[in-house]
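Have a look at the structure below, then the notes.
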Amino acid sequence: MQLIAALAVGVSAGCSSALDCSLNGDCVGGACECTAQWQGAACDTMRFKPVEDVQGYGMKVNVTSWGGGVLYDGDKYHLYVAVMTNDCPLQYWGQNSRVEH
C-alpha cells in the first residue's frame, strides 16, 4: 500500500523547471505560469483569438490553391499563389488555373 501512495505522488501535475512548462512559461512554486500566448497546466496549448468564418486568403468556399510564394518589397509582403478556376477539380489544373496576388 505504501508503494502505491509513493507512485501516486510522483505522478503529480506540478512542475520543477521551465521544461515542464514546455518552455512556454516559468515554473513558480510548482505550477506553470504561462507567457501570454500559451495556456494549460503545462503551457502546451496556444491561446487563439476568435476568428470570423472567412478571413485571409483561401478561406472562400471551394477554393483550391497551391504553390504560393511570398515576396517582400521593403514595405509590404505580397502573396502570389496558383488557384483553380471555374470550380474545377485539381486534375484539370493545366487548363483551369491562374496566379493571384
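For this chain, numbers begin at 1 and follow the sequence in order.
- Checking side-chain atoms of Thr45 against main-chain N and O of Gly40 turns up no donor-acceptor pair under 3.5 Å.
- Side chains of Gln39 and Arg47 form a contact here, defined as non-hydrogen atoms less than 4.5 Å apart.
- Cys21 approaches Cys43 most closely through the heavy-atom pair O-CB, 3.3 Å.
- Listed by chain and residue number, Asp73 satisfy the side chain to side chain contact (heavy atoms under 4.5 Å, CB included) test with Asp75 (two or more places apart in sequence, or in another chain).
- The hydrophobic cluster containing Trp38 also includes Met46, Phe48, under a criterion of side-chain heavy atoms closer than 4.5 Å among ILVMFWY residues, counted directly or through chains of members.
- Looking at residues two or more places apart in sequence or on another chain, you find a side chain to side chain contact (heavy atoms under 4.5 Å, CB included) between Asp44 and Ser22, Ala42.
- For Ser17, the side chain to side chain contact (heavy atoms under 4.5 Å, CB included) partners two or more places apart in sequence, or in a different chain, are Leu19, Asp20.
- Remark: Tyr72 pairs with Tyr77 by the ring pair (Phe, Tyr, Trp, His ring centres under 6.0 Å) rule, at least two apart or across chains.
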Pairs of donor and acceptor atoms involving the side chains of residues 26-34, under 3.5 Å and at least two apart or interchain, shall be tabulated with distances.
none

